[in-house]
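First comes the structure, then the notes that go with it.
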Amino acid sequence: MNSFKKGLLIFNGKAGRKGLNKNLQDCVPVLAEQLDELTLMRTQKAGDGERLCREHGSRYDIVFILGGDGTVHECLNGIAQLDAPPTVSVLPSGTCNDFSRLLKVPQDISEASRLISTGEVAEMDLGKVNDRIFSNFWGIGLISEASENINASSKNMLGKISYYISALQTVKEAMPFSFKITCDEQVIEDEAVMILVANGCFIGTNRLPLSKICADDGMLDILIIRQAGFELFKNLITGEEPPDWNHDDSNVIHIQAKECKIETQELMKADMDGEVYEEGTPAHLSALQKKVSFLRGDFEY
């Protein structure tokens with residue numbers, strides 16, 4: 001059984017009041033029963049999660065992140081700066097909650113909270129690109145264009161469906177871009193409509209078609225999607241039980257590397273864990289092996 005004494009719960013203050021109150025009611029009593037001290041901190045604006053974790057995280061044994069992938073992304077960028085990061089527990093309350101799915105965390109807040117006593121503490125990798133941290137993925141091309149096309153109100157109403165609608169709208173106007181990838185001693189120069197660098201194995205609640213993706217092996221999984229390969233990739237990730245993609249298909253290239261450099265002819269925006277960054281390229285990416293410990297469950301998706 002885990003033994004934590006001091007916990008910090010960070011929650012997204014911009015979430016809807018009714019849903020937020022219920023989530024707090026579902027998790028706070030469970031956590032408080034297992035801890036000597038539980039502190040709650042609310043984020044008010046973009047960047048607060050990172051700042052709060054950087055300034056206060058080292059005082060706690062465990063940090064609970066109540067929110068979606070964007071909140072997790074922010075908080076981990078603060079926690080990763082600490083010399084001795086606390087254990088992290090993700091309490092999923094966003095649209096997709098992809099990183100929590102990698103951790104096999106139940107999507108029910110009450111059940112996720114109970115991992116404080118029943119969950120396994122596991123060291124997991126994080127990805128680094130330039131000076132930023134990502135937990136799940138980094139991508140350019142269609143994936144960042146789709147994120148930009150998502151209307152905030154439709155995202156709230158439709159949830160993950162909005163990602164698919166946006167992707168379909170974007171693909172009608174997809175234009176290949178030229179790139180150069182340098183991984184270890186390998187150099188690839190070509191055109192693609194999307195490049196995805198994965199640490200996790202879920203995108204938009206869908207499992208990527210690569211069973212070997214593992215967030216504790218010290219490797220990044222790089223997927224290069226040529227224009228002719230996008231339909232195949234889309235079909236694979238939206239299938240109920242996506243099979244491993246056929247590595248002989250030259251329209252979807254898969255590389256594993258500890259680090260890589262990605263360059264494009266023109267500066268491109270990047271999507272990191274669902275957050276769009278204006279200056280996405282050039283990008284130097286690396287795997288930070290077993291950087292932070294997380295509470296992991298045993299829920300099967």
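These figures come from a predicted structure and were not determined experimentally.
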Task: Verify same cluster id: L115, F299 (apolar side-chain graph, 4.5 Å) - done: no
Task: Value rounded to 0.5 Å, distance of OG1 in T71 from CD in E275 - done: 8.0 Å
TODO: Following the transitive rule for hydrophobic clusters with a side-chain heavy-atom cut-off under 4.5 Å over Ile, Leu, Val, Met, Phe, Trp and Tyr, establish whether Y60 and L82 coincide in one cluster.
DONE: no
TODO: Would you mind reporting whether R42 and D48 have side-chain heavy atoms less than 4.5 Å apart?
DONE: no
Open item on the list: Please check: side-chain N/O of S113 versus main-chain N/O of I109, any donor-acceptor pairing under 3.5 Å?
Closed with: yes
Open item on the list: Less than 4.0 angstrom from a charged side-chain N to a carboxylate O is my criterion; do E50 and R132 meet it?
Closed with: yes
Open item on the list: Would I143 and F137 count as a side chain to side chain contact (heavy atoms under 4.5 Å, CB included) here? Give the steps.
Closed with: CA-CA 10 Å; I143 193 163; F137 74 89; 3.5 Å; yes
- [ ] Taking all heavy atoms of D216 and all of R296, pick out the closest pair and write down the distance.
- [x] OD2-NH1, 4.4 Å
Open item on the list: Quick one: does any side-chain atom of Q34 pair with a main-chain N or O of V30 as donor and acceptor, under 3.5 Å?
Closed with: no
- [ ] Mind checking the CG-CG spacing from N199 to L220? Nearest 0.5 Å is all I need.
- [x] 6.5 Å
Open item on the list: Using 0.5 Å steps for rounding, measure from the CD1 atom of I203 to the CG atom of L208.
Closed with: 5.0 Å
- [ ] Determine yes or no for a side-chain-to-main-chain donor-acceptor pair under 3.5 angstrom, with D61 supplying the side chain and F4 the backbone.
- [x] no
Task: ILVMFWY cluster, M219 and I255 together (side-chain gap under 4.5 Å) - done: no
Open item on the list: Please identify which of these residues, I181, V129, T182, meets the side chain to side chain contact (heavy atoms under 4.5 Å, CB included) condition with I262.
Closed with: I181
Open item on the list: Determine whether a donor-acceptor pair (N or O, by modelled atom type, separation under 3.5 Å) exists between the side chain of D125 and the backbone of K290.
Closed with: yes
TODO: For residues G47 and E74, report the shortest heavy-atom separation together with the two atoms involved.
DONE: N-OE2, 2.7 Å
TODO: Drop me the distance from Q107's CD to L91's CG, to the nearest 0.5 angstrom.
DONE: 11.0 Å
Task: Sidechain N-carboxylate O distance under 4.0 Å for K104, E300 - done: yes
- [ ] Return yes if some donor-acceptor pair links the side-chain N/O of D271 with the main-chain N/O of Y277 below 3.5 Å, else return no.
- [x] no
Task: Separation of I222 CD1 from C183 SG (nearest 0.5 Å) - done: 3.5 Å
Open item on the list: Can you tell me if E33 has over 12 outside heavy atoms packed within less than 6.0 Å of its CD?
Closed with: no
- [ ] State, yes or no, whether a side-chain contact exists between L295 and V88 at a heavy-atom distance under 4.5 Å.
- [x] no
Task: L24-L31 co-clustered via ILVMFWY side chain contacts under 4.5 Å - done: yes
Open item on the list: Using a 6.0 Å cut-off, check whether atom CD of E279 has over 12 heavy atoms from anything other than its own residue.
Closed with: no
Task: Interatomic spacing from SG in C53 to CG in L76 - rounded to 0.5 Å - done: 7.5 Å
TODO: Apply side chain to side chain contact (heavy atoms under 4.5 Å, CB included) to I225 and L196, showing your working.
DONE: CA-CA 8 Å; I225 317 298; L196 181 70; 5.8 Å; no
Open item on the list: Counting C-beta onward and ignoring hydrogens, is there a side-chain heavy-atom pair between V292 and F294 closer than 4.5 Å?
Closed with: yes
TODO: Please tell me if the side chains of V63 and C75 come closer than 4.5 Å, counting only heavy atoms from C-beta onward.
DONE: no
Open item on the list: Which heavy atom of G94 sits nearest to which heavy atom of N97, and what is that distance?
Closed with: N-OD1, 2.8 Å
Task: D36 side-chain N/O to K6 backbone N/O, donor-acceptor pair under 3.5 Å - done: no
Task: Least distance between heavy atoms, S100 atom then V90 atom - done: CB-CG1, 3.9 Å
TODO: Apply side chain to side chain contact (heavy atoms under 4.5 Å, CB included) to L223 and V252, showing your working.
DONE: CA-CA 7 Å; L223 284 164; V252 181; 4.1 Å; yes
Open item on the list: Is any side-chain heavy atom of Y301 closer than 4.5 Å to one of T205?
Closed with: no
Task: Close side-chain approach of L103 and M124, heavy atoms under 4.5 Å - done: yes
Open item on the list: Test your reading of the model: is there a side-chain donor-acceptor pair from T281 to the backbone of A283, 3.5 Å cut-off?
Closed with: no
Open item on the list: How about CG on D298, more than 12 heavy atoms from neighbouring residues, nucleotides or ligands closer than 6.0 Å, or not?
Closed with: no
Task: Minimum heavy-atom distance between G49 and I10, given as atom pair plus value - done: O-CD1, 4.4 Å
TODO: For atom CD of Q265, decide whether the heavy atoms of other residues, nucleotides or ligands shown that lie under 6.0 angstrom number more than 12.
DONE: no
Open item on the list: What verdict does the side chain to side chain contact (heavy atoms under 4.5 Å, CB included) test give for Q256 and D217, after you've listed the backbone C-alpha separation in whole Å, the side-chain angles of each residue and the deciding distance to 0.1 Å?
Closed with: CA-CA 10 Å; Q256 282 190 311; D217 61 356; 4.0 Å; yes
Open item on the list: With clusters defined by side-chain heavy atoms of hydrophobic residues (ILVMFWY) lying less than 4.5 Å apart, directly or transitively, does V28 cluster with F11?
Closed with: yes
Task: Under 3.5 Å donor-acceptor, R101 side chain and C96 backbone - done: yes
Task: Heavy-atom pair with the smallest gap, counting every atom of H73 and D273 - done: ND1-OD2, 2.9 Å
